[in-house]
J.: 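I'd like to ask you about the structure that follows.
None of these values were measured; they are calculated from a predicted model. Computed over heavy atoms, backbone and side chain alike; hydrogens, waters and symmetry mates excluded. Letters A, B, ... are given to chains in the order of the sequence lines, protein chains preceding strands, and every chain is numbered from 1.
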Amino acid sequence: MEEKNYQHNKIKIDHRLKKNKQFNYIFRKGIKYHSKNFNLYAVSSKFKTYKIGYSISKKEGKANKRNLLRRRLKEIVRKNQLVKDNYNYILQAKNGATLLTYSEIEHQLINLFKKHEENKSF
RNA sequence: AUUGUUAUGCAGACAAUCGCAUCAAUUUUGAUGAGGAAAGUCCGAGCAUCAAGAGAACUGGGUGCCGAUUAACGAUCGGUGGAGGCGACUCUAAGACUAGUGCAACAGAAAUAAACCGCCGUAAAAGGUAAGGAUGGAAAGGUGGUGUAAGAGACCACCGCUUAGUUAGAGAUAACUGAGGCUCUGUAAACUCCACCUGAUGCAAGGUCAAAAGGGCAUAUGUGCUUGUUCUCUCACGCCCUGAAUGAACCGCUUGAACUUAUUGGCAACAAUAAGUCUAGAUAGAUGAUUGUCUAAUACAGAACUCGGCUUAUAGCAUAACUGACCGC
RNA sequence: GCAGAGAUGGCCGAGCGGUUUAAGGCGCACGCUUGGAAAGCGUGUGAGGUAAAAAGCCUCCGCAGGUUCGAAUCCUGUUCUCUGCG
C-alpha cells in the first residue's frame with residue numbers, strides 16, 4: 001500500500017514554479033533567448049526534474065486573454081516536449097502576444113527552444 | 001411592407017482523441033467544473049477582529065416629494081409634481097433662500113436697491129412718475145383695458161404667485177370657492193436649518209500548530225477600554241518583547257435572506273405554501289488543442305469569503321405588445 | 001483580492017466658482033553685452049481649426065454628462081498612472 005502511494009507521488013511531480021523568490025532568481029541569473037513575442041529564461045538546476053513558470057504582464061490584455069495565452073503556452077510545451085530535465089525556465093510574453101493564433105505561438109516557441117538546445121550542446 | 005418605443009429570452013449543442021482541477025471509489029475508472037455582467041468596487045448586509053457593556057454632550061459622514069417592498073440600502077415597485085417627444089413612451093439628488101450668513105465678475109443710472117435718458121408739470125425751478133429706452137442670467141408679477149396732467153394693482157378681466165377653507169385621496173397632491181392686491185431676484189451638487197440614519201477595519205479579517213523558558217514595563221490615588229473628541233457609571237487585572245521564520249500545512253471555504261417547478265395573494269416590486277435539487281472551491285491560481293456535424297454561433301469577457309442592488313462593456317438571433325407615416329378597403 | 005492618491009502648455013508646477021484659460025520656473029527664439037563664447041539683462045513665446053497673411057473667431061486643464069447666469073475648480077460616471085497591505 002505504502003509503495004503504491006510512493007509510486008503515485010513519484011508520477012505526479014509538480015513542474016510549476018511557485019515562489020516569487022524563484023522567479024526573481026531566474027530573471028537575474030537566467031540565460032536569455034528572444035523571439036518577436038516571447039522571452040525565454042533558462043537556468044540549470046541541481047534537481048533532476050524541470051520547472052517552468054509563465055509570466056504575462058497586465059499590459060498584454062485583460063484577465064481572460066492572459067489566461068487563454070497561458071493555457072496555450074502550457075499546451076504547446078506539453079505536446080511538443082520542449083522542456084528538458086535539470087533546467088528551470090520562465091516564459092515571458094510581450095508585444096501583444098495575446099493577439100497571436102495558436103500555430104504562430106507554436107512556431108515561435110519551437111524556434112526558441114531550438115536555440116536553447118544548440119547553446120547547450122556547445 | 002416600413003418607422004420607432006417598451007419588455008423578455010438565448011450567450012452555442014452533440015461526438016471523438018490528448019490534457020488540467022476537485023471529489024468519490026479504487027488501480028484505472030466515474031461524476032462535476034466560471035458570468036450576464038464573474039468587471040468597476042459605487043452602496044447595503046452577513047461573518048471576523050478591536051477585553052465586555054450602558055448612557056450623555058459635541059463633532060464628522062450620509063440620505064432628502066409620497067406610499068409600499070425588502071434582512072438592509074443611497075436599491076426596487078406604484079403614484080404626485082416638473083422636463084422632453086406628433087405619439088407609443090422616456091428622463092427627473094424633487095425638503096427649506098419667508099431662521100440667519102455668504103456669493104452674484106463684466107456690463108448697466110441702479111443688483112435688493114431707484115432714477116441716467118425719458119414722460120408730466122412750469123416762465124424757470126420745486127415737484128410728480130416709472131409707460132418706453134439701454135445692460136444683464138436676473139430690473140420690482142405678465143398681457144390687455146379703465147383711469148390720469150403724466151403714470152402706477154390705483155381699479156377691472158384673464159393668467160401667475162401667496163394664503164384660508166371645503167371636497168377627493170392612505171399621502172405627496174389635485175379640483176373648487178374666497179381673500180391678499182403682489183409685501184417675497186437667483187444660488188443650499190455655498191455655509192447652514194429641519195427630519196431620519198450612522199463605531200472602525202476588511203478573509204492579506206481572523207483562528208489552529210503555539211508551548212516551556214527568559215526579559216522589560218506597570219502594579220490600584222494605577223493601567224486599560226467601548227478606534228473622531230470629551231465625560232459619567234458598571235467592568236477587567238495585566239500588557240509588550242524574545243522564543244518565532246521573508247516558514248509550511250490546515251481551518252475560515254462554500255447549504256445559502258440558495259436554486260428549480262407549481263399554486264395562491266398583490267396593479268407591481270415582492271411575499272406565502274408545497275414538492276424537488278445539492279450546483280466550482282483553485283492558491284503562480286483548474287476549461288485548452290485538433291477534427292467532424294448542425295447553426296445566426298460571432299461580441300464583451302474568467303469565480304478568489306458569501307449574498308442583495310447599482311454602474312459600465314457587449315456581437316448576433318428570436319419573441320411579444322404598442323406608436324407614427326404611407327398604401328388599400 | 002482589499003485600501004488609498006493623482007492627471008493643468010514641450011517639461012516641472014501654482015491656481016480650486018468670475019472678466020482675454022493660466023502665476024512662476026526650466027526650455028526655445030530675438031536683441032543688448034563680448035574680440036568670441038558662457039553668465040547676466042531685456043523682449044517675446046501653448047496647441048489645434050478657420051484664414052493668402054495679420055487681426056479676429058471657435059475648441060482644448062485625462063474623457064463624458066450634470067448643477068450654476070458662469071466650472072480647470074462643485075457633483076456623478078468613466079479611462080489611465082502611481083502607492084500601501086502577507
Side-chain angles (χ1 to χ4, degrees):
Chain A
M1 192 67 182
E2 283 181 4
E3 278 184 22
K4 279 175 185 172
N5 275 338
Y6 177 72
Q7 276 184 348
H8 185 74
N9 286 341
K10 200 178 182 185
I11 292 162
K12 286 195 89 178
I13 293 169
D14 203 347
H15 290 301
R16 292 173 299 180
L17 283 172
K18 289 189 172 180
K19 295 283 153 251
N20 204 14
K21 241 177 161 179
Q22 296 174 313
F23 271 80
N24 284 338
Y25 179 81
I26 296 169
F27 274 128
R28 252 184 303 128
K29 302 276 183 179
I31 308 158
K32 299 161 195 171
Y33 306 92
H34 304 286
S35 76
K36 192 182 173 190
N37 297 102
F38 298 97
N39 293 342
L40 179 67
Y41 297 77
V43 172
S44 61
S45 89
K46 55 189 173 181
F47 298 107
K48 285 190 175 176
T49 59
Y50 69 90
K51 279 179 184 295
I52 182 160
Y54 304 90
S55 163
I56 305 165
S57 141
K58 223 174 184 178
K59 282 178 185 172
E60 294 301 318
K62 302 213 171 182
N64 69 325
K65 301 246 166 76
R66 281 182 277 135
N67 225 342
L68 178 64
L69 179 62
R70 184 171 49 75
R71 288 196 195 112
R72 283 178 167 167
L73 294 180
K74 275 164 84 173
E75 174 69 11
I76 290 163
V77 168
R78 186 187 63 80
K79 220 174 183 183
N80 297 312
Q81 297 191 332
L82 293 170
V83 190
K84 305 299 172 194
D85 282 352
N86 300 327
Y87 269 87
N88 288 343
Y89 301 93
I90 292 176
L91 251 180
Q92 188 179 39
K94 60 177 182 182
N95 297 342
T98 48
L99 302 173
L100 300 177
T101 61
Y102 180 82
S103 53
E104 284 173 330
I105 299 168
E106 194 171 28
H107 186 72
Q108 282 200 29
L109 287 197
I110 288 171
N111 281 345
L112 259 185
F113 278 92
K114 252 186 202 167
K115 279 189 198 169
H116 178 50
E117 281 295 301
E118 287 164 10
N119 200 345
K120 248 164 76 177
S121 59
F122 286 124

J.: Any side-chain heavy atom of A:I56 within less than 4.5 Å of one from A:R70?
T.: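 Touching, per the 4.5 Å side-chain cut-off.
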J.: Across all strands shown, which nucleotide pairs with B:G30 by Watson-Crick or G-U wobble geometry, both distances under 3.5 Å?
T.: B:C23
J.: Could you give the distance from OH (A:Y54) to NZ (A:K74), rounded to the nearest 0.5 Å?
T.: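 It is 7.0 Å, given to the nearest 0.5 Å.
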J.: Whole Å only: how far is the CG atom of A:L109 from the C1' atom of B:A289?
T.: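 Going from A:L109 (CG) to B:A289 (C1'), I get 14 Å.
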J.: Name the residue closer to the 5' end of RNA chain B, choosing between A:S55 and A:S103 according to the nucleotide with the nearest heavy atom.
T.: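 The residue whose closest nucleotide sits nearer the 5' end is A:S55.
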J.: Taking the side chain as everything from C-beta on, heavy atoms only, tell me whether A:V77 gets closer than 4.5 Å to A:Y50.
T.: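 A:V77 does not reach A:Y50 side chain to side chain.
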J.: Is the glycosidic angle of B:G35 within 90° of 0, making it syn, or outside that range, making it anti?
T.: anti
J.: With both distances under 3.5 angstrom, what nucleotide forms a Watson-Crick or G-U wobble pair with B:A126?
T.: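 Pair assignment: B:A126 / none.
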J.: Name the pairing partner of B:A7, where a pair is Watson-Crick or G-U wobble with both distances under 3.5 Å, or state none.
T.: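 The base-pairing partner of B:A7, which may sit in any strand shown, is B:U319.
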J.: In whole Å, what separates the C1' atom of B:C191 from that of B:C97?
T.: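 Between the two C1' atoms, the distance is 12 Å.
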J.: Could you let me know what C:U76 is paired to, Watson-Crick or G-U wobble, both distances under 3.5 Å, or none if it's on its own?
T.: C:A64
J.: Taking pairing as Watson-Crick or G-U wobble with both contacts under 3.5 Å, can you name the mate of B:G81, or confirm there isn't one?
T.: B:U92
J.: Given the P atoms of B:G328 and B:G81, what is the spacing between them in whole Å?
T.: 43 Å
J.: Is there a side-chain contact between A:F38 and A:L73 in this structure, where contact means two heavy atoms from C-beta onward sitting under 4.5 Å apart?
T.: yes
J.: For RNA chain B, which residues of residues 65-78 of chain A approach it to below 4.0 angstrom with any heavy atom?
T.: A:N67, A:L68, A:R70, A:R71, A:R72, A:E75, A:R78
J.: Taking the same atom, P, in B:A7 and in B:G79, what whole-Å distance lies between them?
T.: 15 Å
J.: Should A:E104 and A:N37 count as side-chain neighbours, where that means a heavy-atom distance under 4.5 Å?
T.: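 No; the side chains remain at least 4.5 Å from each other.
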J.: Over how many whole Å does the gap from A:Y54 atom OH to B:U283 atom C1' extend?
T.: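 It works out to 18 Å between those atoms.
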J.: Using whole Å, report how far CG of A:N80 lies from P of B:G19.
T.: 15 Å
J.: Can you tell me how far C1' in B:G19 sits from the matching atom in B:G252, rounded to whole Å?
T.: 33 Å
J.: Take atom P in B:G55 and the same atom in B:C23, then report the distance between them in whole Å.
T.: 49 Å
J.: P atom, B:U17 versus B:A284: distance in rounded Å?
T.: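 These two P atoms come out 32 Å apart once rounded.
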J.: Give the rounded distance in Å between these two atoms: CG of A:N64 and C1' of B:G36.
T.: 14 Å
J.: Kindly compute the distance separating CG (A:N64) from OG1 (A:T98), expressed to the nearest 0.5 Å.
T.: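 Answer rounded to 0.5 Å: 9.5 Å.
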J.: Syn versus anti for B:U273, judged by chi lying within 90° of 0?
T.: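 You should classify B:U273 as anti.
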J.: Using a cut-off of less than 4.0 Å, is there contact between a side-chain N or O of A:K62 and OP1 or OP2 of B:A301?
T.: yes
J.: At what distance, to the nearest 0.5 angstrom, does NE2 of A:H34 lie from CD of A:Q92?
T.: 9.5 Å
J.: Provide the Watson-Crick or G-U wobble partner of C:G44, both distances under 3.5 Å; none if there is no partner.
T.: C:C28
J.: Given side-chain contact (heavy atoms from CB on, under 4.5 Å), test A:N80 with A:E106 step by step and report yes or no.
T.: CA-CA 9 Å; A:N80 297 312; A:E106 194 171 28; 3.3 Å; yes
J.: Less than 4.0 Å between a side-chain N and a carboxylate O, is that true for A:K114 and A:E117?
T.: no
J.: Using O4'-C1'-N9-C4 for purines and O4'-C1'-N1-C2 for pyrimidines, with syn meaning within 90° of 0, is B:A34 syn or anti?
T.: syn
J.: Is the base of B:U312 syn or anti, if syn means a glycosidic angle within 90° of 0?
T.: anti
J.: Sticking with atom C1', work out how far B:U264 lies from B:U5, rounded to a whole angstrom.
T.: 34 Å
J.: Any strand counts, and the cut-off is 3.5 Å on both contacts for Watson-Crick or G-U wobble. Which nucleotide pairs with B:U312?
T.: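 Partner of B:U312: none.
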J.: For atom C1', what is the distance between B:A71 and B:C47, given to the nearest Å?
T.: 14 Å
J.: Applying the Watson-Crick and G-U wobble criteria at under 3.5 Å, what pairs with B:A296? Answer none if nothing qualifies.
T.: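 Base partner found: none.
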